[in-house]
Participant: 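Mind having a look at this structure? Questions to follow.
Labels below follow one simple rule: chain letters A, B, ... track the order of the sequence lines, proteins then strands, and each chain is numbered from 1.
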Number of protein chains: 2
Amino acid sequence: MDSYDLKIITFLKRDARMKWSTLAQHIGLSAPAVAERVARLQEQGIIRQLTTVLDPSSFDYRLAAFVAVSLERPEHRAPFLKRIQELEYVLECHHVAGDDDYLLKIRCRDTEQLDEIITYHIKELAGILRTKTTIIMRTEKESLHFPLPEVD
Amino acid sequence: MDSYDLKIITFLKRDARMKWSTLAQHIGLSAPAVAERVARLQEQGIIRQLTTVLDPSSFDYRLAAFVAVSLERPEHRAPFLKRIQELEYVLECHHVAGDDDYLLKIRCRDTEQLDEIITYHIKELAGILRTKTTIIMRTEKESLHFPLPEVD
DNA sequence: CCTGAAAAATACCCCCA
DNA sequence: TGGGGGTATTTTTCAGG
């Protein structure tokens, strides 16, 4: 990955549909070269996906929450993680250090739906010691993009 | 927003660069109609952005952490939020209910850099009562995409 | 990685329901 | 108002160097 790749990525972060030809002009390569590099970056997994970020409130997702989960014993892990992958409302699941084992980020319609998800889809599993729910009242910043090395 | 829009969004989530013509074929509209709808969805803010998701480890981001922050008094909020917007390593900032005031998600190189960010860029501010750092050891799931209503 | 030609997709027009 | 169709133009793709 060289500085051309970095420049390409920088532009594609802002607009994933930018035309190869205009992108090529900006960075000083030909369009085929740019297309080839992007294909390679995708194959290498450096670019995970070119995707669409939607506005949650437009789809009636008005609630977000973090839910900390503690498991009783290690053997409860596998079924828990399987369930987490199935639950579409659970957007993130991180194994964390500290008092609790996992920290989930959940997005759903309202508190009633959150209650349903936690009570009937998570706590219902064997080996859930406890859950600790933290409601998000306002999201002040939500970025996908960590800083990239500067080029030029 | 009708079922055509939902179908369009569903495809664009998977591939933001999908050609209007192929997308149009899939959902049963003409290419110009699809292009027009996507432009409208962007104007309305339903589509926030067409962007690129990168692999953090490819860019030497090996550490992620949640940092809970408590502020002394409400007047410390504005400068805190301003600083948060400036700090590129802070990807998310949520105002939460409960013991702490804000929950940040930070992505950086290693623990030393995390220490530097917390100590010299966050704790350094006036009115920071305390911070509580939770290291993410493994991310089991990390999705941008909440479930959309089914169509057809 | 570039050039150049073939193929494809897009944008813009007007027409229609 | 919102979608279809046709055509000029742009863009992408693919070959060869």
Side-chain angles (χ1 to χ4, degrees), chain A residues 1-62 144-152, chain B residues 1-60 144-152:
Chain A
M1 192 171 44
D2 59 10
S3 75
Y4 284 126
D5 288 338
L6 278 175
K7 288 183 194 170
I8 289 172
I9 286 169
T10 304
F11 279 102
L12 285 183
K13 279 204 313 191
R14 251 186 297 167
D15 175 16
R17 289 191 70 90
M18 181 176 265
K19 308 217 177 284
W20 296 153
S21 48
T22 54
L23 184 40
Q25 280 202 319
H26 275 102
I27 68 174
L29 283 177
S30 67
V34 170
E36 200 182 335
R37 277 170 178 268
V38 173
R40 179 176 50 71
L41 288 166
Q42 287 187 275
E43 277 170 27
Q44 292 176 332
I46 294 173
I47 291 180
R48 279 203 186 146
Q49 59 171 169
L50 300 163
T51 191
T52 305
V53 181
L54 302 172
D55 172 48
S57 64
S58 299
F59 296 88
D60 205 30
Y61 285 84
R62 287 185 299 260
L144 303 171
H145 302 307
F146 41 79
L148 294 182
E150 299 285 339
V151 276
D152 284 16
Chain B
M1 193 172 43
D2 59 11
S3 74
Y4 284 126
D5 288 337
L6 278 176
K7 288 184 195 171
I8 290 172
I9 286 169
T10 304
F11 279 101
L12 285 183
K13 279 203 315 190
R14 252 186 296 168
D15 176 14
R17 287 192 71 90
M18 182 176 265
K19 310 258 180 233
W20 297 152
S21 50
T22 54
L23 184 40
Q25 280 201 320
H26 276 102
I27 68 174
L29 281 179
S30 68
V34 170
E36 199 183 332
R37 278 169 178 267
V38 173
R40 179 176 51 72
L41 288 166
Q42 286 187 277
E43 278 170 27
Q44 293 177 332
I46 294 174
I47 291 180
R48 279 203 185 145
Q49 60 172 168
L50 299 162
T51 191
T52 304
V53 180
L54 302 171
D55 172 48
S57 64
S58 299
F59 295 89
D60 206 30
L144 302 171
H145 301 307
F146 41 79
L148 294 182
E150 298 287 338
V151 276
D152 286 14

Participant: Using the test salt bridge (Lys or Arg N to Asp or Glu O under 4.0 Å), find all partners of Lys13(B) that sit at least two apart in sequence or belong to another chain.
Facilitator: none

Participant: Which residues pass the side chain to side chain contact (heavy atoms under 4.5 Å, CB included) test with Ser3(B), sequence neighbours left out?
Facilitator: Val151(B)

Participant: Each nucleotide N or O in nucleotides 8-15 of chain D that has a protein N or O under 3.5 Å away: list the pair and distance.
Facilitator:
from	atom 1	to	atom 2	distance (Å)
dT12(D)	OP1	Trp20(A)	N	2.9
dT12(D)	OP2	Trp20(A)	N	3.4
dT12(D)	OP2	Ser21(A)	N	2.9
dT12(D)	OP2	Ser21(A)	OG	3.1

Participant: Students often get this wrong, so: under 4.0 angstrom with heavy atoms, is Arg37(A) touching a base, only sugar-phosphate, or nothing?
Facilitator: sugar-phosphate

Participant: With sequence neighbours excluded, tell me which residues meet side chain to side chain contact (heavy atoms under 4.5 Å, CB included) with Gln25(A).
Facilitator: none

Participant: Take atom CG of Leu41(B) and atom C1' of dG2(D), then tell me their distance rounded to the nearest Å.
Facilitator: 14 Å

Participant: Under the rule for ring pair (Phe, Tyr, Trp, His ring centres under 6.0 Å), what residues qualify as partners of Tyr61(A), not counting sequence neighbours?
Facilitator: Phe146(B)

Participant: Is there a side-chain contact between Val53(B) and Ile47(A) in this structure, where contact means two heavy atoms from C-beta onward sitting under 4.5 Å apart?
Facilitator: no

Participant: Rounding to an integer number of Å, can you tell me how far Glu36(B) CD sits from dG5(D) P?
Facilitator: 15 Å

Participant: Mind calculating the distance between CG (Leu29(B)) and P (dT1(D)) to the nearest angstrom?
Facilitator: 19 Å

Participant: For the helix from dC1(C)-dG17(D) to dA17(C)-dT1(D), what angle separates the axis at the start from the axis at the finish, each from five pairs, in steps of 10°?
Facilitator: 40°

Participant: Identify, with sequence neighbours excluded, every residue that meets side chain to side chain contact (heavy atoms under 4.5 Å, CB included) alongside Arg17(B).
Facilitator: Leu12(A), Trp20(A), Leu50(A), Asp15(B)

Participant: Sorted by first residue and then second, give each salt bridge (charged side-chain N to carboxylate O under 4.0 Å, His left out) pair with at least one member in residues 23-47 of chain A; sequence neighbours left out.
Facilitator: Asp2(A)-Arg37(A), Asp5(A)-Arg37(A), Asp5(A)-Arg40(A)

Participant: Enumerate the ring-ring contact (aromatic ring centres under 6.0 Å, His included) contacts for residues 21-50 of chain B, please, sequence neighbours excluded, ordered by first and then second residue.
Facilitator: Phe11(B)-His26(B)

